[in-house]
There are 2 protein chains.
Amino acid sequence: MTTEVDSFGPRRVLRPSAKVLPEQARAHNRSLVLQTLYRSGPLSRADLARETALTRVTVGDLVAELIGEELAIELGTRVDASRPGKPATLLDLNRDGHRIVGIDLGDTEVFRGALIDLDGTILERREIDARGLVGGDAAAAALALARELTAIADRPVLGVGIGSPGIVDLAGCVLTAPNRGWTDLPLQARLQAELGLPVIVANDANAAALAEYGFGGASADLMLVMVGYGVGAGLLLDGTPLFGSRFAAGEIGHVVVGTDGGEACACGKQGCLETWLAVPRLQARIAAGEPREAVLRQAGERLGIALAPIVGALNLSEVVLSGPVELLDGTLAEATVDTLRQRTMEQFHGDLTVRLTSLGGDIVMRGAAVMVLSARLGVS
Amino acid sequence: MTTEVDSFGPRRVLRPSAKVLPEQARAHNRSLVLQTLYRSGPLSRADLARETALTRVTVGDLVAELIGEELAIELGTRVDASRPGKPATLLDLNRDGHRIVGIDLGDTEVFRGALIDLDGTILERREIDARGLVGGDAAAAALALARELTAIADRPVLGVGIGSPGIVDLAGCVLTAPNRGWTDLPLQARLQAELGLPVIVANDANAAALAEYGFGGASADLMLVMVGYGVGAGLLLDGTPLFGSRFAAGEIGHVVVGTDGGEACACGKQGCLETWLAVPRLQARIAAGEPREAVLRQAGERLGIALAPIVGALNLSEVVLSGPVELLDGTLAEATVDTLRQRTMEQFHGDLTVRLTSLGGDIVMRGAAVMVLSARLGVS
DNA sequence: CATGTTTGTTAGTAAACCTTACGAACATAA
DNA sequence: TTATGTTCGTAAGGTTTACTAACAAACATG
């Protein structure tokens, strides 16, 4: 009995999935064309066929569909025609024909929102004072901000992406967000019903990780650590956000760091990562006269201590920090990477980088835009 | 402009993938039928249609194909016929018609192999003395063991699964395995060429994690910690093994634990997890007169300290230990879970369990069998 | 001006799944 | 016993999808 012998690639384990109909296969190929167009700028149908390995016929058919939905547009014939043959008709995503609304609910003082184009460029900004808002009032403010932004859009809005603090499940239901007093709030479903637009709600750190991957030039395996009033993280593994068994992946703020005590934390424990790293704590210690460099170095070391097992277990090669530049950049980040190097195997993590995000305070809003792009244009 | 508003599920980010042809969609549905048959025992074509949401016609066609390849068999009509209508013809995987060879190269003293049926039951065992084997000799011994096991198989062998120590890439190439002196050894490709059978090589801890999921009743999110001569781990996220950016995911043996020093490690650092937990170290300390309970408690605590950030970041709910029962069970495991509880958020990890594997010393061999099952029967 | 190249489309084919319909084989009730 | 209804498996035919083959259009080049 002979068996054909191929090479076996990445494995998944036995896990019944859903059936695949031809229709869904087509949707997949359609997304493939959209993604190729998104990534590689203006292309002809023939270019797309070469890139996707589909035939020109199939590409032509898919493109006709996309043009019909005004997702793609023809730009006219290619001008640099130094080649023989019929000049190509260039196509591109209808980049200027759509807008995305991205909203960041993570700040304690304001809800920030922006009108964003398909390339992630922020066109308009709006803010709403969110101090003290809890429960339904906070949700209403988020809705108002979304309404305001969709109202000023001069093009059709592809969708509304929202990065929320707290624990958010896959349906965009905020399971818990203590600062806003939210419990089991179906924010995504509610806003979607109100706005009549696709809405996607996810944890703000997860959104930020997506932004760093989509717009920040990060690799597909990435941990994004947000340092602010608290400390949270978003994990991207092979380009896919990690959610965790109870949707609490990345919640490392209350993991105890080290074996030598530490300050008391609001959660009742001692030496939580937040007690070492949260912005108010750092500012307070510096204001109280502790040497700034020493405080920042220690904070970086503690972050490194906390991240070392994670970096080791996941074999991460990229850690990105988000938060106040004046605190994170320099000493703190350097201490983090030094500590990580000292505590992990050089052999596996020699290329480890720890750096600040280049997206600044817009990271969550732009990550929310990536979520919309993925949902509307992405792979199934 | 109205947009249809659906609910959006789990998101992936923009990442150009491959095209999907109808042929591949069919392969997917074929695997779906196989998996359903594997999981849910004997079923009729109509049962399969209901379970998979495919039509009876399509299921009939796929089943005919599977029967033609002798992967499925008809068992005759159902006997408990208390229902009206034509009695169903029961189908099942041809469970007794195939064998799998599973091999564990992780031990320092022996290479263990087994002939395994599709349900994971071990039918025959073989061992080869592996003390001191390095380089080509070690690879030759692995090949000889695989040959011996395929030779005694009385049924066609679906494939050979191998759990190897060290760093193994997706193509089954052992990048580094210090104990065997292997560097960039294309073990999978070489054995496959020699044996003329599908061969899958992966890291032994990853294989063990798959075994715990496939045969040990574990959930799809799982960390399996192997404690032996060294300390390694395998991670399963949503049923998929995690490999890491350089295929070194799970290599936590040389992550430094705690902030209070520790014994010197062979790697040059101090206080690596292995110095606290490796079996030789524990045995030596107990033999030297240290109180057994105290040694084991401390080892468990250190494991908990190392795992806390990982459990927190990944929001894991299940940690499984594999290794010498007399050392791991009881005090050590209890200290681990106690420490984890003390160092993470009760709210997110209240259901965290830490337990010993029930698969004993066969875990890697049976995990290797799961890899073969996945590759031959699994989803694309 | 003839030739070759490239593009995009038309026409026809193969694969895959669907819907509809039917015979076979059974339980149940008149 | 017979009629009715149910369930199973299969046959026939239709729809969708992407493929191959072929072709006209439009250009560069010798």
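Heavy atoms only: backbone and side chains are in, while hydrogens, waters and symmetry mates are out. Naming: A, B, ... by sequence-line order, numbering from 1 per chain. Remember, predicted model here, so these are calculated numbers, not experimental data.
- Evaluation of the side chain to side chain contact (heavy atoms under 4.5 Å, CB included) rule for B/Arg95 yields B/Tyr38, B/Asp92, B/Leu93, B/Asp119 as partners, not counting sequence neighbours.
- Atom P of nucleotide C/dT7 and atom CG of A/Leu91 are separated by 12 Å, given to the nearest angstrom.
- Between B/Thr55 and C/dC18 there is a side-chain polar atom (N or O) within less than 4.0 angstrom of OP1 or OP2.
- Not counting sequence neighbours, the partners of B/Arg45 by the side chain to side chain donor-acceptor pair (under 3.5 Å) test are B/Glu74.
- Between C/dA16 and B/Asn29, no contact under 4.0 Å exists linking OP1 or OP2 to a side-chain N or O.
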With B for base contact, S for sugar-phosphate-only contact and - for none (protein heavy atoms under 4.0 Å), nucleotides 3-12 of chain D reads --BBBBBBB-

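- Remark: the A/Glu51 side chain and the A/Thr36 side chain contain no N/O donor-acceptor pair separated by less than 3.5 Å.
- The side chain of A/Arg26 contributes no N or O atom lying less than 4.0 Å from OP1 or OP2 of D/dT16.
- For A/Thr77, the side chain to side chain contact (heavy atoms under 4.5 Å, CB included) partners two or more places apart in sequence, or in a different chain, are A/Pro87.
- If you take CG of A/Leu21 and C1' of C/dC18, they are 9 Å apart, rounded to a whole angstrom.
- Listed by chain and residue number, B/Met371 satisfy the side chain to side chain contact (heavy atoms under 4.5 Å, CB included) test with B/Ala368 (two or more places apart in sequence, or in another chain).
- The CD atom of A/Gln24 sits 13 Å away from the C1' atom of C/dA16 (whole-angstrom rounding).
- One can place CD of B/Glu65 at 9 Å from P of C/dC17, the figure rounded to the nearest angstrom.
- With sequence neighbours left out, the salt bridge (Lys or Arg N to Asp or Glu O under 4.0 Å) criterion links B/Arg26 to B/Asp61, B/Glu65.
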